[in-house]
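Below is one structure; the comments refer to it alone.
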Protein chains: 4
Amino acid sequence: MSRAPGSSGEKTLKAIYEAGIDLIYQYGYEAVSLRQLAGAVGIQAGSLYNHIASKQDLLFKLIHSIVLELNEQLDAELENIDDPEEAMRAFVRYHITWYTARKQQVFIGNMELRSLKAENYTKIVALRRRYEMRLKDILDRGIAEKHWSMPDSSVSARALIAMLSGVCVWYDPEGGYSIEELVSIYTEIVFKGLGKPA
Amino acid sequence: MSRAPGSSGEKTLKAIYEAGIDLIYQYGYEAVSLRQLAGAVGIQAGSLYNHIASKQDLLFKLIHSIVLELNEQLDAELENIDDPEEAMRAFVRYHITWYTARKQQVFIGNMELRSLKAENYTKIVALRRRYEMRLKDILDRGIAEKHWSMPDSSVSARALIAMLSGVCVWYDPEGGYSIEELVSIYTEIVFKGLGKPA
Amino acid sequence: MSRAPGSSGEKTLKAIYEAGIDLIYQYGYEAVSLRQLAGAVGIQAGSLYNHIASKQDLLFKLIHSIVLELNEQLDAELENIDDPEEAMRAFVRYHITWYTARKQQVFIGNMELRSLKAENYTKIVALRRRYEMRLKDILDRGIAEKHWSMPDSSVSARALIAMLSGVCVWYDPEGGYSIEELVSIYTEIVFKGLGKPA
Amino acid sequence: MSRAPGSSGEKTLKAIYEAGIDLIYQYGYEAVSLRQLAGAVGIQAGSLYNHIASKQDLLFKLIHSIVLELNEQLDAELENIDDPEEAMRAFVRYHITWYTARKQQVFIGNMELRSLKAENYTKIVALRRRYEMRLKDILDRGIAEKHWSMPDSSVSARALIAMLSGVCVWYDPEGGYSIEELVSIYTEIVFKGLGKPA
DNA sequence: CATGAATGAGCCTTCATTCAT
DNA sequence: CATGAATGAAGGCTCATTCAT
């Protein structure tokens, strides 16, 4: 009897992705060898090529799926929210939650961009820009509807994302702050920055 | 061959540091080869070893001198300032100015930490913590003397630094905002966050 | 490229050992490069690492297998011999035969010891000592049972081995003396030294 | 005032020779770097070239002076001895004494021959052959005058030298045997081998 | 004489990748 | 699909040697 289609191969591929994220997060894309990766998966280096086209291809697929998911889940989160204030709260909560929950993926998605070859780099940057745009939209709507005071919504969108992203650099699950507390703190800071104390 | 006329140890070392920063910023520590670096300096790869002990040693010295200078110049900047509000303004201005002026160094100092071997990593992290402490001091004094409202001065110090640091990721000298404008914008955001509109 | 058709791990490893012995005998361990060795085997330098862990590892395995075989075959040779005189004759014949037949291995086994790192050196020296002990046993039994006159059986064992080993330094298959003649000559010298003319 | 001629330079050269013998004995010619040697002498690697022409030149001069001295002192030792038996005793004593006293030099003189380039190798081998000839002469005269029984004086000369040389491989000044005792033991063995118990 | 900085070749080793089995 | 053995390029580093200072 032949193997159930996609069963074993799929599992191996998933294992490769997971080990890839772990290793690249810890050592960096350039510093991780395919032998190391294969070892973590429990196969030989050559066997990786039954699942990935190349090392670069692996990195791209990894980052792509990360950024894609970040966008898709954000869309879902904001889907039925019209009020800019509510949207902003949702965004802050979503961003911090996602970023701290996926520390490794976030790190890779930010720091390994330069290891992508030009063609792949372009695709990822487009997706990231799309994410920024969602926040800029919220800001623009808040300025129009709620009289938020913002020097410039483009700059501010980036500044807010940079600030919110900073959390995941130093967030420690055992560190005395729950995600909820962090969300509270940052929401407060954000709305103070918008001239509308939460 | 012998020494090229006019060459000197100090000059070569400086050239190595400069080319090192350029290349590591652009391609990452792991991705830069010593042959590449030597080529940029105009010497043979082996000749690098008259000036550095190893590739790792170069990275460490690079990052160390960056973080050291960041600290020392901050100390100088804050030396005679007692008022927390003035100190905060000085800190924001200093941080943004330094970070945008030394975009490359900042990038390396943050992103290549993981390429440091444990022993070197520890030393750098200590220096970075010292920098954070300077800001925490300002916050604590502001809370005490000026009734700033801050959920937690440790968390806030990191959050502020993360926010301010984000600037240098997207700052573009030709991008429509002068440093002075950025300093203004961020100072405003910060003081709003402290409950004391600038 | 992929594997050359018909190649196999075992065969390649054997070829590496054989070329390794040839080259190290001729030029010395330090003077032989892995490129040279790989060239003699007909593969690329890097491919050696599919079969050995390092250059040092190759040397160790080479010497280890030599000294191990020397011991094992001696054990087989002496297995059923109780009479010390017969045992001594067997030892002399065995030692000279083995040493002249394996001139290269003997040379490497003696002269490249210092190229072994401490840990490997220790293991080899233990095996060599074991070989000496076999001769010392024969001497002790000869002294007890046959009234051989020996100043000191430990010193004498080493002296005899040194003397017998000297043969292989200058032995030349085309040089006028057959192995049988050498064995005769040395057996005679040995027994004269024992006070028991052969 | 100018430096006394030959004073400082001579001293440095002597230091180079001494450090050279130490290091080559310990690690082997190929394994010793000129930097290491220079370090042991207390100068920079480049400065060595004020005293030696090349690394190979150093090795040759080292070995040459060793073999030359071995010959010259033997000549002095045997100068006024006509009786072959006395000469043999003198040879055994001299060889063992010299070989154990100059363990390092002996080792280098034997084991680093292969690191000499062809031209230098030839010169050294000629000197070594001369030394063997002195012993063969003694043997021939003993056979003629004293009825020593020797299968072949050429083979025996080499066998004796190999045997006597073996001493220095395992001789240990703290090892329980004085040089005098070793000389006694080996003289006894030799004369027994000659059919003339001492 | 000694130094320090340079060269260019070479070393051991690792790597991503390929493919017969 | 997985393996194991191969490739060819490249990597970090050391070396003997040279020579302006």
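Treat the numbers as computed from the prediction; the structure is a model and nothing was measured. Each chain gets a letter, A, B and so on, in the order its sequence line appears, and its residues count up from 1.
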Nearest whole angstrom, please: distance from the [atom2] of [N] to the [atom1] of [X].
X      : N       : atom1 : atom2 : result
Q44(C) : dC11(E) : CD    : P     : 14 Å
Y49(B) : dA9(E)  : OH    : P     : 19 Å
N50(A) : dG4(F)  : CG    : P     : 14 Å
L48(A) : dA2(F)  : CG    : P     : 9 Å
E30(C) : dT14(F) : CD    : P     : 15 Å
L59(C) : dC12(E) : CG    : P     : 12 Å
I52(B) : dA5(E)  : CD1   : P     : 14 Å
K11(C) : dA5(F)  : NZ    : P     : 13 Å

Q) What are the residues of residues 35-43 of chain B, sorted by number, that bring a heavy atom to within less than 4.0 Å of DNA chain F? A) R35(B)
If you look at every heavy atom in [X] and [Y], which pair is closest and at what distance?
X       : Y       : answer
I124(C) : L113(C) : CG2-CD2, 3.6 Å
I16(A)  : V41(A)  : CA-CG2, 3.8 Å
L62(A)  : S65(A)  : O-OG, 3.0 Å

[N] phosphate, OP1 or OP2: any side-chain N/O from [X] under 4.0 angstrom?
X      : N       : value
T12(B) : dA6(E)  : yes
S33(A) : dT14(E) : no
H51(C) : dA6(F)  : yes

Q. Taking for each residue the nucleotide of DNA chain E with the nearest heavy atom, is it K55(A) or A31(C) whose nucleotide lies nearer the 5' end?
A. A31(C)
**Q.** 5' precedence on DNA chain E between Y29(C) and L34(A) (nearest-nucleotide basis)
**A.** Y29(C)
Q) Does a side-chain heavy-atom distance below 4.5 Å link L127(D) with H64(D)? A) yes
Q) Any side-chain heavy-atom pair from K14(C) and E10(C) closer than 4.5 angstrom? A) no
Q) Do we see a donor-acceptor contact under 3.5 Å between the side chains of E112(A) and S115(A)? A) yes
Q: Kindly determine whether Y121(A) and R114(A) satisfy side-chain contact (heavy atoms from CB on, under 4.5 Å), including the steps that lead there.
A: CA-CA 8 Å; Y121(A) 179 81; R114(A) 74 179 151 188; 6.0 Å; no
Q. For DNA chain F, what is the dot-bracket line, given that a base pair needs Watson-Crick (N1 to N3, plus N6-O4 or O6-N4) or G-U wobble (N1-O2 and O6-N3) geometry with both distances under 3.5 Å, and | means paired with another strand?
A. .||||||||||||||||||||
**Q.** Set of salt bridge (Lys or Arg N to Asp or Glu O under 4.0 Å) partners for R128(D), sequence neighbours left out
**A.** none
Q. Think K55(B) forms a cation-pi with Y29(B), using NZ or CZ under 6.0 Å from the six-ring centre and within 45 degrees of its axis?
A. yes
Q.
If you assign Q56(D) and S47(C) each to the DNA chain F nucleotide with the nearest heavy atom, which residue ends up on the more 5' nucleotide?
A. S47(C)
